[in-house]
> 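Below are the structure tokens for one structure; questions will follow.
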Amino acid sequence: MTRRSIGRTGTAGSSRRAFLLQVGAGALAATAAPRILRAADKSGKRDIIVGQGDHTYQVIHDWGTLPAGMAYGNTHGVCEDAQGNIYIKHTVGAASTSDDALVVFDADGKFVRSWGPQFKGGAHGLHLSKEGGQEFLYLCDFRRGVVEKTDLAGQRVWQLTCPDASGLYNTPGEFKPTNIAIAPGGDFYVADGYGKSWVHRYNAKAEYLGSFGGPGAERGQLNCPHGITVDARGPEPLLVVADRSNHRLQYFSLDGRHKGFIKDELRSPCHFHTRAADMVIPDLDARVTIFDRDNKLIVHLGDGGSYALRDKPRDQFIPGKFIAPHSAIFDHAGNIFVVEWVEVGRVTKLRRIA
């Protein structure tokens with residue numbers, strides 16, 4: 001992963017959500033400090049507990065058992081299917097005997113299958129979509145500059161390359177997609193986070209519709225739009241972008257019109273996932289953040305301060321502290337899975353206990 005330099009005011013509206021998009025997180029109420037505790041379980045082993053109140057979790061680092069000889073590179077994407085299987089996308093470790101960049105585990109962390117050697121070295125965004133009773137994966141590869149739609153076994157439905165129709169690229173190599181979002185009705189959006197900082201919109205047939213964003217720090221402009229999702233927690237679905245190198249989230253209408261910013265309580269937001277009223281935000285600068293429906297801070301989890309340990313041996317990692325969260329999801333039970341931009345890869349399960 002290439003590290004970029006790191007650096008709501010919105011339109012007036014009558015709804016509470018529009019107001020919050022205007023004022024951003026500056027009006028957030030103070031929250032209680034999160035906790036990191038060690039408590040003995042019935043076996044006598046001491047667990048690491050983080051969070052507070054209804055958002056309290058047991059930290060389980062290095063979740064899931066890889067087959068002998070398989071080794072993670074940077075762990076970049078994570079999702080869950082309807083059967084509770086967990087999919088991990090990684091760049092493949094130098095010592096790995098397998099080139100497969102997509103690994104699937106069951107809910108207990110038992111290896112199920114792997115595939116995707118074509119993503120080795122460029123594995124990035126991973127999104128699961130339920131469409132007409134079937135589930136599909138959308139996968140970004142920043143090294144090859146491609147986006148693929150596949151079934152859960154890796155069979156390709158289609159592949160997109162550089163959007164020449166946009167007129168924004170001099171060469172295909174300038175296009176380096178990082179993540180994808182899908183709107184109601186099937187339109188989808190590709191964030192060119194490591195390329196030229198544009199968001200490209202397509203219809204459900206993968207036909208190009210237009211682009212918005214572009215490099216900069218003004219309203220509507222982006223600097224490393226690393227993550228992207230459709231936020232359906234409010235009265236209307238909105239596109240939210242992790243404008244990472246501008247240290248903010250930026251909201252857009254589904255046709256690409258700027259709606260507002262959220263700046264407070266964020267360092268370098270990478271991506272998002274929502275469950276009911278909550279949004280989890282993996283922050284590359286060493287913590288995981290949870291916002292409520294109104295984008296008010298609920299809690300920061302596992303704040304490690306910086307990602308200085310990302311290229312260090314695993315035995316230097318500090319239990320209960322994150323290093324470089326890159327993607328995170330809620331599973332069906334409200335647990336959180338976090339994957340990190342560390343050279344040896346790391347998958348952490350935050351098991352919800354309250």
Side-chain angles (χ1 to χ4, degrees), residues 1-5 73-79 87-94 99-102 115-129 136-151 154-183 187-216 221-229 239 241-246 256 270-271 284 326-327 339 341 343:
M1 194 199 88
T2 303
R3 169 70 173 173
R4 297 299 188 89
S5 60
N74 291 285
T75 40
H76 276 169
V78 58
C79 66
Y87 295 68
I88 305 296
K89 197 177 182 196
H90 68 110
T91 57
V92 182
D99 287 340
D100 287 350
L102 204 297
W115 52 270
Q118 68 270 30
F119 296 103
K120 180 181 179 180
H124 206 272
L126 176 63
H127 179 82
L128 186 143
S129 176
F136 296 95
L137 298 174
Y138 291 79
L139 306 104
C140 293
D141 185 326
F142 68 88
R143 182 179 60 86
R144 293 184 296 141
V146 301
V147 178
E148 289 190 10
K149 179 180 180 178
T150 74
D151 65 17
Q155 294 298 308
R156 184 191 295 171
V157 177
W158 50 246
Q159 182 186 84
L160 296 176
T161 56
C162 181
D164 293 331
S166 69
L168 297 169
Y169 297 88
N170 296 313
T171 66
E174 294 177 336
F175 177 59
K176 301 180 185 298
T178 48
N179 272 296
I180 190 168
I182 301 177
D187 282 5
F188 64 92
Y189 306 81
V190 177
D192 183 18
Y194 293 161
K196 302 191 78 171
S197 289
W198 291 90
V199 174
H200 305 293
R201 181 185 175 195
Y202 298 82
N203 65 20
K205 296 179 181 180
E207 297 168 335
Y208 175 76
L209 297 178
S211 303
F212 55 93
Q221 294 180 325
L222 302 162
N223 188 358
C224 187
H226 186 274
I228 189 169
T229 196
L239 191 71
V241 179
D243 191 4
R244 192 173 76 184
S245 292
N246 282 328
C270 270
H271 200 34
L284 197 68
H326 192 273
S327 188
V339 297
W341 175 55
E343 290 299 309

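We're numbering straight along the sequence, starting at 1. Atoms considered below: every heavy atom in the structure, side chains included; atoms not considered: hydrogens, waters and symmetry mates.
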> Under the side chain to side chain contact (heavy atoms under 4.5 Å, CB included) rule, what do Trp115 and Thr150 come out as? Steps first, then yes or no, please.
CA-CA 11 Å; Trp115 52 270; Thr150 74; 3.7 Å; yes
> Hey, are the side chains of His76 and Trp341 touching, using non-hydrogen atoms and a 4.5 Å cut-off?
yes
> Rounded to the nearest 0.5 Å, how far does OG of Ser327 lie from CD1 of Ile88?
8.5 Å
> Can a side-chain donor-acceptor contact be found between His200 and Ser211 if the only test is distance below 3.5 angstrom?
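Looking only at side-chain atoms, His200 and Ser211 do form a donor-acceptor pair, the distance falling under 3.5 Å.
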> Between Asp151 and Gln155, does any side-chain donor sit less than 3.5 Å from a side-chain acceptor?
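Asp151 vs Gln155: no donor-acceptor pair found between side chains.
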> Heavy atoms only: give me the nearest Cys270-Leu284 pair and the separation to one decimal.
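Scanning both residues, the minimum pair turns out to be SG-CB, 3.7 Å.
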> Please round to the nearest 0.5 Å and tell me the distance separating atom CG of Leu239 and atom OG1 of Thr229.
8.0 Å
> In Å and rounded to the nearest 0.5 Å, what is the OG to CG distance from Ser197 to Asp243?
8.0 Å
> Going from NZ on Lys89 to OG1 on Thr75, what distance comes out if it is rounded to the nearest 0.5 angstrom?
13.0 Å
> Among Asp141, Asp99, Asp100, Thr91, exactly one meets side-chain hydrogen bond (donor to acceptor under 3.5 Å, both in side chains) together with Lys120. Which residue is that?
Asp99
> Between Asp187 and Arg201, does any side-chain N to carboxylate O distance fall below 4.0 Å?
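Yes, charged N to carboxylate O under 4.0 Å.
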> Cationic tip of Lys149 within the cone over Phe136's six-membered ring, i.e. under 6.0 Å and within 45° of the normal?
yes
> Indicate the atoms forming the closest heavy-atom contact of Pro177 with Gly145, along with that distance.
CD-CA, 3.8 Å
> Enter the distance from Phe175:CZ to Ser166:OG here, rounded to the nearest 0.5 Å.
9.0 Å
> Looking only at heavy atoms, what is the nearest atom pair of Gly121 and Phe142, with distance?
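In this case the closest contact between Gly121 and Phe142 is O-CZ, 3.8 Å.
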> Quick check for you: to the nearest 0.5 Å, what is the distance between His127 atom NE2 and Cys79 atom SG?
8.5 Å
> If you take all heavy atoms of Ser129 and Tyr138, which pair is closest and at what distance?
CB-CE1, 3.7 Å
> Counting distance only, does the side-chain N/O of Thr178 pair as donor-acceptor with the main-chain N or O of Gly193 below 3.5 Å?
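Indeed, once roles are kept as given, a pair shorter than 3.5 Å links the two residues.
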> With side chain to side chain contact (heavy atoms under 4.5 Å, CB included) as the test, would you mind laying out the steps for Glu148 and Phe119 before giving the verdict?
CA-CA 10 Å; Glu148 289 190 10; Phe119 296 103; 3.6 Å; yes
> Aromatic rings His124 and His226: how do their planes relate, parallel, tilted or perpendicular, breaks at 30° and 60°?
perpendicular
> Regarding Asp192 and Tyr169, is there a side-chain donor-to-acceptor distance under 3.5 Å anywhere?
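Present: a donor and an acceptor within the cut-off.
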> Under a 4.5 Å cut-off applied to non-hydrogen side-chain atoms, are Trp198 and Pro215 in contact?
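SC-SC contact between Trp198 and Pro215 confirmed.
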> Using side chain to side chain contact (heavy atoms under 4.5 Å, CB included) as the criterion, list what pairs up with Ala206, not counting sequence neighbours.
Trp158, Leu160, Phe188
> Applying the side-chain contact (heavy atoms from CB on, under 4.5 Å) test to Tyr87, which of Leu139, Val78, Leu126 qualifies?
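Considering Leu139, Val78, Leu126, a side-chain contact (heavy atoms from CB on, under 4.5 Å) with Tyr87 is found only for Leu126.
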> Please check: side-chain N/O of Arg144 versus main-chain N/O of Gln118, any donor-acceptor pairing under 3.5 Å?
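Yes: the side chain of Arg144 pairs with the backbone of Gln118.
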> Using every non-hydrogen atom in the two residues, find where Gly77 and Val339 come nearest and quote the distance to one decimal.
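Answer, listing the atom of Gly77 first, then Val339: N-CG2, 3.8 Å.
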> Is there side-chain contact between His271 and Asn179, with heavy atoms separated by less than 4.5 Å?
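Side chain of His271 against side chain of Asn179, heavy atoms only: contact under 4.5 Å found.
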